A.B. asks: 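Below you'll find the structure I mean.
Bear in mind the structure is a predicted one, so any value in this text is a computation, not a measurement. Residue numbering restarts at 1 for every chain, and letters A, B, ... go by the order of the sequence lines.
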Number of protein chains: 2
Amino acid sequence: MTTRAARAAPRYAQVAADLRAEIQRGDYGAGSAMPTESALCARYGVSRFTVREALRQLQAEGLIRRRRGSGTVVDPDGGSALRQSLTDVKELLQYASGSTYQFEPVGPVVLSPQRARDLNAEAGERWHLFEGLRTMAGHHRPIAYTAAYVHDAFAAVVPKVRRGETIFRQLERLGGIKIAKVTQDIRAIGAGAREAELLKVPRRSPCLSILRCYVDTTGRIVEMSLSVHPGDLFTYSMHIDEV
Amino acid sequence: MTTRAARAAPRYAQVAADLRAEIQRGDYGAGSAMPTESALCARYGVSRFTVREALRQLQAEGLIRRRRGSGTVVDPDGGSALRQSLTDVKELLQYASGSTYQFEPVGPVVLSPQRARDLNAEAGERWHLFEGLRTMAGHHRPIAYTAAYVHDAFAAVVPKVRRGETIFRQLERLGGIKIAKVTQDIRAIGAGAREAELLKVPRRSPCLSILRCYVDTTGRIVEMSLSVHPGDLFTYSMHIDEV
DNA sequence: AAACGAAATTTGTCCGGACATATTGAGGGC
DNA sequence: GCCCTCAATATGTCCGGACAAATTTCGTTT
């Protein structure tokens with residue numbers, strides 16, 4: 001091989017890099033529409049395959065959101081710092097093989113300032129709370145305590161929510177909506193009084209906290225869930241290919 | 001695969017579901033080769049586009065690994081329990097916008113049993129240690145302490161490693177290898193004595209621990225890095241589309 | 001004005017083909 | 001045996017086209 005260093009990047013990567021620069025420069029204000037696929041084909045003189053591959057990359061990075069029939073828009077909070085983006089987890093969101101999950105409706109609650117800060121939400125809002133514990137077969141200590149909050153707009157369907165299926169899937173079916181995006185924030189926290197008691201760990205012991213926000217196609221937050229895992233029992237694993 | 005309509009799911013999803021079931025049933029022993037794309041085209045009577053879309057899905061789930069020229073193999077540890085698998089983070093592995101990272105070579109170390117357990121490695125092995133701190137502009141407290149261990153096979157190139165570029169990229173260039181996969185385990189731990197001092201947090205306070213293993217194309221672990229982040233300063237964010 | 005429905009728009013799925021590039025293995029030369 | 005070259009193989013990139021499905025737009029009707 002003669003020219004070792006400068007091997008040109010594939011065309012879709014160049015298109016992606018160009019669009020990424022435009023987005024981060026603010027050429028398409030957050031939330032506003034981007035050019036359509038055919039427009040990009042004409043602009044760069046490439047096929048739709050190449051454009052779609054570039055857009056797929058930007059979507060995986062969380063910079064854009066796409067909807068069939070609607071178009072491509074810049075994700076309003078896609079450029080926030082300290083954010084790593086991942087895709088395509090399908091049904092696995094709530095699983096843990098060999099574990100069972102039981103939740104109970106608690107009722108409507110109004111967020112306290114403290115709780116609102118934990119959830120990254122507004123204090124005083126009314127949400128419908130579900131509480132649950134996840135246990136592994138053979139273990140006596142639970143591996144997770146979960147508090148799920150459903151928006152008050154779904155008050156009518158909340159009594160119909162059953163165990164055995166994720167809450168957000170039931171909200172989709174019963175509420176006639178579609179979850180388009182899930183954000184997930186992972187932090188280390190000290191166990192609070194309630195978590196310590198339910199998870200059988202000492203108070204203030206290190207726990208993994210996973211806050212999920214379920215957003216529908218119109219951008220409204222439909223459900224929030226806060227899971228707390230004992231630090232010694234739970235590891236969140238992932239892998240990256242094609243480094 | 002069923003010839004039944006099942007018009008709800010696109011064809012590539014049906015192919016993916018069929019292959020996923022075969023993999024989990026153990027039809028292709030872990031690490032062994034799967035049928036080639038053209039073989040799958042013939043078997044399912046679909047185009048290469050559809051097969052590649054199905055394989056892309058399985059790769060995103062971490063079930064398979066693919067290499068140009070070589071083929072597709074079942075990922076040996078793709079089916080392990082308590083593991084959520086995610087993909088495609090590309091270059092963003094080590095970033096944190098607005099932060100700076102400084103590391104220093106410490107020298108060769110032999111893993112103590114304690115440290116080996118933290119790293120999920122063998123005690124007594126010899127690795128080359130680098131230590132570093134990551135600080136955000138404007139903050140006086142660091143947001144991460146990182147210990148990176150390079151395998152002894154790269155002892156010759158370790159003195160050539162410089163700041164300003166990730167260690168694993170330099171190992172690729174200087175050592176003539178290629179990182180094919182990165183695994184990442186996130187846990188909540190209590191700050192140890194050393195972390196507490198460097199990160200300016202109380203001992204045993206909750207911290208986020210991120211253990212990364214860099215694996216080359218032949219499956220050898222080339223580098224391991226253990227980052228510890230103060231729980232109150234660091235959140236690991238991600239998002240999932242197309243739920 | 002509100003409700004309805006058809007048409008245009010836009011992304012998703014799928015096909016067949018072509019060439020590029022990385023890997024592997026067989027064969028030949030030393 | 002060892003090393004090099006070359007061909008076969010498998011995945012990556014890219015093209016042009018076609019139809020399907022979801023959404024939006026807009027004109028028509030009530």
Side-chain angles (χ1 to χ4, degrees), chain A residues 1-4 6-17 19 32-59 64-74 87-88 172 176-180 216-219 241-243, chain B residues 5-17 19 28 32-59 64-74 88 90 172 176-180 216-219 241-243:
Chain A
M1 188 179 295
T2 51
T3 57
R4 168 172 207 85
R7 197 191 73 264
R11 221 167 299 203
Y12 66 83
Q14 299 177 32
V15 173
L19 293 173
S32 69
M34 286 189 57
T36 65
E37 293 181 355
S38 53
L40 292 172
C41 290
R43 172 173 157 192
Y44 291 105
V46 297
S47 73
R48 196 152 86 100
F49 173 90
T50 304
V51 164
R52 284 181 64 78
E53 204 65 21
L55 293 174
R56 192 200 287 266
Q57 217 177 315
L58 297 179
Q59 187 173 22
I64 60 174
R65 292 173 63 182
R66 328 191 62 207
R67 278 170 64 207
R68 176 189 301 199
S70 176
T72 303
V73 296
V74 178
T87 52
D88 213 56
E172 284 188 325
I177 54 148
K178 199 177 148 196
I179 303 294
D216 72 358
T217 49
T218 65
D241 282 323
E242 303 177 61
V243 184
Chain B
R7 202 161 58 255
R11 220 167 298 192
Y12 66 82
Q14 298 176 34
V15 173
L19 292 173
Y28 318 100
S32 69
M34 287 190 55
T36 66
E37 293 180 354
S38 53
L40 292 172
C41 290
R43 171 173 159 191
Y44 292 107
V46 298
S47 74
R48 199 167 152 224
F49 172 91
T50 304
V51 165
R52 282 181 66 78
E53 204 66 19
L55 292 175
R56 192 201 287 268
Q57 216 177 312
L58 298 180
Q59 187 173 22
I64 60 173
R65 292 174 61 182
R66 328 193 61 208
R67 277 170 65 208
R68 176 190 303 202
S70 177
T72 303
V73 296
V74 177
D88 211 59
K90 296 188 315 311
E172 284 188 324
I177 55 148
K178 199 176 147 196
I179 303 294
D216 72 359
T217 49
T218 65
D241 282 324
E242 303 176 57
V243 184

A.B. asks: Residues in salt bridge (charged side-chain N to carboxylate O under 4.0 Å, His left out) with Arg68(A), at least two apart?
C.D. replies: none

A.B. asks: In whole angstrom, what separates Ile177(B)'s CD1 from dT23(C)'s P?
C.D. replies: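 Distance, rounded to whole Å: 13 Å.
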
A.B. asks: My understanding is that only residues two or more places apart in sequence, or in another chain, count here; which of them pass side-chain contact (heavy atoms from CB on, under 4.5 Å) with Ala39(B)?
C.D. replies: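 Scan of Ala39(B) (side-chain contact (heavy atoms from CB on, under 4.5 Å), adjacent residues dropped) gives Pro35(B), Thr36(B).
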
A.B. asks: Applying salt bridge (charged side-chain N to carboxylate O under 4.0 Å, His left out), name anything that partners Arg11(A), two or more places apart in sequence or on another chain.
C.D. replies: none

A.B. asks: Report yes if some heavy atom in the side chain of Leu58(B) is under 4.5 Å from a heavy atom in the side chain of Thr72(B); otherwise report no.
C.D. replies: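 They are not in contact (no side-chain heavy atoms under 4.5 Å apart), so the answer is no.
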
A.B. asks: Give the rounded distance in Å between these two atoms: CD of Glu53(B) and C1' of dC15(C).
C.D. replies: 13 Å

A.B. asks: Report all interatomic pairs (protein N or O, nucleotide N or O of nucleotides 7-12 of chain C) with separations under 3.5 Å.
C.D. replies:
unit_1: dT10(C); atom_1: O2; unit_2: Gly69(A); atom_2: N; d: 3.2
unit_1: dT11(C); atom_1: OP1; unit_2: Thr72(A); atom_2: OG1; d: 3.3
unit_1: dT11(C); atom_1: OP2; unit_2: Glu37(A); atom_2: N; d: 3.0
unit_1: dG12(C); atom_1: OP2; unit_2: Arg52(A); atom_2: NH1; d: 2.9
unit_1: dG12(C); atom_1: OP2; unit_2: Arg52(A); atom_2: NH2; d: 3.3
unit_1: dG12(C); atom_1: OP2; unit_2: Arg66(A); atom_2: NH1; d: 2.9
unit_1: dG12(C); atom_1: O4'; unit_2: Arg68(A); atom_2: NE; d: 3.0
unit_1: dG12(C); atom_1: O4'; unit_2: Arg68(A); atom_2: NH2; d: 3.1
unit_1: dG12(C); atom_1: O3'; unit_2: Arg68(A); atom_2: NH2; d: 3.2
unit_1: dG12(C); atom_1: N7; unit_2: Arg48(A); atom_2: NH2; d: 3.4
unit_1: dG12(C); atom_1: O6; unit_2: Arg48(A); atom_2: NH2; d: 2.7

A.B. asks: Write down the distance between NZ (Lys178(B)) and C1' (dG12(D)), rounded to a whole number of angstrom.
C.D. replies: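 Checked: the NZ to C1' distance equals 11 Å.
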
A.B. asks: side-chain contact (heavy atoms from CB on, under 4.5 Å) with Arg52(B): which residues, sequence neighbours excluded?
C.D. replies: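 Checked Arg52(B) against side-chain contact (heavy atoms from CB on, under 4.5 Å); matches are Glu37(B), Arg48(B), Arg66(B).
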
A.B. asks: Could you tell me how far apart Phe49(B) (CZ) and dC14(D) (P) are, to the nearest whole angstrom?
C.D. replies: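 To the nearest whole Å, that distance equals 15 Å.
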
A.B. asks: Between Thr50(A) and Thr217(A), which residue's closest nucleotide on DNA chain D lies nearer the 5′ terminus?
C.D. replies: Thr50(A)

A.B. asks: Taking side-chain contact (heavy atoms from CB on, under 4.5 Å) as the definition, give me every residue that meets it alongside Arg67(A), ordered by chain and number, with sequence neighbours left out.
C.D. replies: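 So Arg67(A) forms a side-chain contact (heavy atoms from CB on, under 4.5 Å) with Ser70(A), Thr217(A).
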
A.B. asks: Output the rounded distance in Å from CZ (Arg11(A)) to P (dA18(C)).
C.D. replies: 18 Å

